[in-house]
Amino acid sequence: MPEETRTRDFIRQIVAEDLRAGKHEEVVTRFPPEPNGFLHIGHAKSILLNFGIAEEFGGRCNLRFDDTNPVTEDVRYVDAIVEDVRWLVGGIGAGPLFASDYFERMYALAEFLIREGQAYVDSQSEREIRENRGTVMEPGRLSRFAERAPEESLELFRRMRAGEFPDGAHVLRARIDMASKNMLLRDPLLYRIRHAHHHRTGEEWCIYPMYDFAHTVEDAIEGITHSLCTLEFDVNRPLYDWVAERWVEHVRSEGGEPTRPRQIEFARLQLEYTVMSKRKLLTLVSEGRVAGWDDPRMPTLAGLRRRGVTPQAIRTFSEMIGVTKANTRIDVGKLEYAIRDDLNQRAPRLMGVMDPLKVVITNYAEGESETFEAPVWPHDVPKEGSRPLPFTGTLWIDRDDFREDPPEGFHRLVPGGEVRLRYAYVIRCDEVVRGDDGEVTELRCSYLPETRGGANPEGRRVKGTIHWVSATHALPLEMRLYDRLFSESDPEAEGADFREGLNPESLVVVPEALVEPAVAALDPGLHVQLERVGYFFTDPVDSRPMRPVLNRTVTLRDTWAAREDAAGGGAPPSREEKRQAREREKERERERGGGARQEPERLPELQKRREVYEREMQLEPHEAEVLTRDAASADLFEAGVRAGATPQLLANWIVHELPRELGERDVTTLPFGGPEMAELAALIEDGTVSSTGGRQVLGEMVKGGGRPEEIVERLDLRQVSDQDALEKLVADALAANPGKVEEYRSGRTGLLGFFVGQVMRASGGSANPQVVKEMLDERLGAPR
RNA sequence: UGCCCCUUGGUGUAACUGGCAACACGCCUCACUCUGGAUGAGGAGAGUCCAGGUUCGAGCCCUGGAGGGGCAACCA
């Protein structure tokens, strides 16, 4: 049950509904990258969505390369993308598939369109085509070749394929509507000539299909049921549908039975402090601003993988952010949370210091040493394992763990203070040694033998535990501390070149960090947590035997550092500040004034009717306005009035209630007319049905027609206002929710609506809500 | 300036399709702790973009407006 009712994103809701309605035998999705760059975490969202839906609903998902533009594409990207997808989701089912395998079938559809007069070869220059397309404000102009006979177009198109023309000489265009408000529908290009080498088809083709044409056909060929893409393609959807329709005609003309894919758009992922466009990422790579596509600072899957981020972490993250149509930039903190959440269970714990400060234990015998057997998993991770941890009289600790002048609440090492060394002893700082420049060079401490191995003798309370390594055993190795690639949360903000926002400290190399021996023995490609420092990944490329290079995947959550940061930053806006901001906003709005709004043009005939409604029927202006936007609504209204309905009531129902029941449908398709509408209005007016019941009646009427009176009887919606009759329902509602009754009485009066709703539901919509409300009011008593 | 999409705590999402504004991240307490980690228990934080309207009842329906995003490649 909880599995069933778990709320799903809008796309999964659509898929579930389609399956329930029997629209498809099986759901088929696809992930269609163009092989012109590496995949990034934004693609991961899409991959996980598409493969996830296929898996959850028992369907399939194709990895298909949209390789229709030979000049930007390359096999090396194909290989990298396949590797990335495999890494993220495991198997990739059938495939990989290639759009280029469908070129012949696309071509066949193109010829079909030409023969049917739905496409033509245009021989305008590229510039002419652009100029004649018009602008968002002005319609385009027909090409002087638009009326070219199908036979002529067909011949030219074949010659285009045969390679008789140079690039740009001709294009194939769909014949749709040069005046469309949607620019994409102004006779969009379907094919262009490109004498270029294609990574799979070689020189076989010199004409290549354009996205809208090719992509739709690819989906149709593969039997894709739900074609998921990002928001900016919503303007392409009408064209997608156009091509899909023609594909259906084409296949049917050859006796086949095609499938009809449906495009659904969702918001692409944007992440704070990074960019997510292949073009910009390519710029960073080609200009050498990062070490390559797999630089661990890159949001690419290859980069994240090399940084130590796991597929599971990306999956968790993806589930956290959901799928919607709202355009937002996600807080990187959420990604970091998902990474830590996964690595916490996965990374063994070892110790290492990034910025070493020497500690000499003065009361520990010179040359002496001992070895602790220290666990590599914390008590709350159910895994076994330990490593030998050598201890001597000279140690390294992190400089950050010592403060001469500690801020309030600091509980690490301070002069004269005590701190616990993880898995070893408590030490006390007796003396601070400085170099010539005044910098602290060494701490002279004494250890407390009775605190060995974490023992905690009576009465001793040491607040802090710090990490350390034995100086004689410490091994130096390179650590790469990665931070956000950009300094600004939105590097793509208006104006400014995005490259200028690069964070100069996105990579800090520590050439000689000091780690305990067990770290040095780590193989490449392993996760580890250096306690209190962060999660690291042994670099799979640059690590050497016994000399791994450590990439910092992410720091540990650090509430102490957060507190220190917050001390500097401004306070969050108070309630009062927010109220004032709101006031200012309202003021500004008032100043802008209610600009004279432009009403849509109206036929004089409708304008006249509108005036009549207002003047003679006393309708509210805005209702009269809405009723006269189209003749059908006005007709319905007038027919209702002629049948005796009260104008205002009828107008309310047509304007405010009908649209909901109508959904996508048009008023003209209604299976009933004014008289029925009037009858419904009368039933409501005389109290035979409540407005709640009235809505149900209207819903029935829209669905199947029929007379209101009859529907009221059939659905038993006659309004019940008699208190005695309602008594039981009211009492039941109260008895079933004793907790809520209590809450109500202690002041949560918003619950009244809940109780009314319960009774209304129980009555099937027939109860008189006002009477119910009064009864509940009385039963519940005044809130204290 | 035309058309399309979007707007719910600081952030990301949910709300049985008109009836309790919920969850997660972040933040703050406390507990536990040999990681200022993890875990557990609490808490603060939202006039659901604004203004009108319909309704017993609106985050959800209607009207108008504001703000953000997209669309005028022979790219995808």
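Since we're looking at a predicted model, the values are computed, not measured. A note on names: the letters A, B, ... follow the listed sequences, proteins ahead of strands, and every chain is numbered from 1.
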Next item on the list: Can you tell me, in whole Å, how much space there is between the P of B:A24 and that of B:G42?
Entry: 11 Å
Note to self: Could you check B:G40 for me: syn (within 90° of 0) or anti?
What the structure shows: anti
Next item on the list: Kindly indicate whether the side chain of A:K740 and the base of B:C20 share any N or O donor-acceptor pair separated by less than 3.5 Å?
Entry: yes
Next item on the list: Indicate, yes or no, whether a donor-acceptor pair under 3.5 Å links the base of B:U11 to the side chain of A:E272.
Entry: no
Next item on the list: Please state whether the base of B:G36 and the side chain of A:H411 form at least one donor-acceptor pair under 3.5 Å?
Entry: yes
Next item on the list: Using only heavy-atom distances, decide whether a donor-acceptor pair under 3.5 angstrom links the side-chain of A:H622 to the base of B:G64.
Entry: no
Check: Considering only heavy atoms and no angle criterion, is a donor-acceptor pair shorter than 3.5 Å present between the side chain of A:D380 and the base of B:G37?
Finding: yes
Next item on the list: Using a cut-off of 6.0 Å, state whether more than 12 heavy atoms not belonging to A:R268 lie near its atom CZ.
Entry: no
Next item on the list: Look at the side chain of A:T692 against the base of B:C56 and say whether a donor-acceptor pair falls under 3.5 Å; ignore hydrogens and angles.
Entry: yes
Notebook entry, point to check: For the residue pair A:H43 and A:F31, does the interplanar ring angle fall in the parallel (under 30°), tilted (30 to 60°) or perpendicular (over 60°) class?
Noted result: perpendicular
Note to self: Rounding to an integer number of Å, can you tell me how far A:R268 CZ sits from B:C5 P?
What the structure shows: 19 Å
Note to self: Distance criterion of 3.5 Å, no angle test: do you see the side chain of A:R695 paired donor-to-acceptor with the base of B:G18?
What the structure shows: yes
Item checked: Side-chain donor/acceptor of A:R748 to base of B:A21, under 3.5 Å -> no
Notebook entry, point to check: Is the distance between the ring centroids of A:Y240 and A:F233 under 6.0 Å?
Noted result: no
Notebook entry, point to check: Looking at B:G36, does its base get a donor-acceptor pair with the side chain of A:R412 below 3.5 Å?
Noted result: yes
Check: Among B:A14, B:C20, B:G69, which is the nearest nucleotide to the side chain of A:T324?
Finding: B:A14
Margin query: Partner lookup for B:U63, please. Criteria are Watson-Crick or G-U wobble with both distances under 3.5 angstrom; report none if nothing qualifies.
Written below: B:A51
Notebook entry, point to check: Below 4.0 angstrom, N of the basic side chain to O of the carboxylate: do A:K325 and A:D234 qualify?
Noted result: no
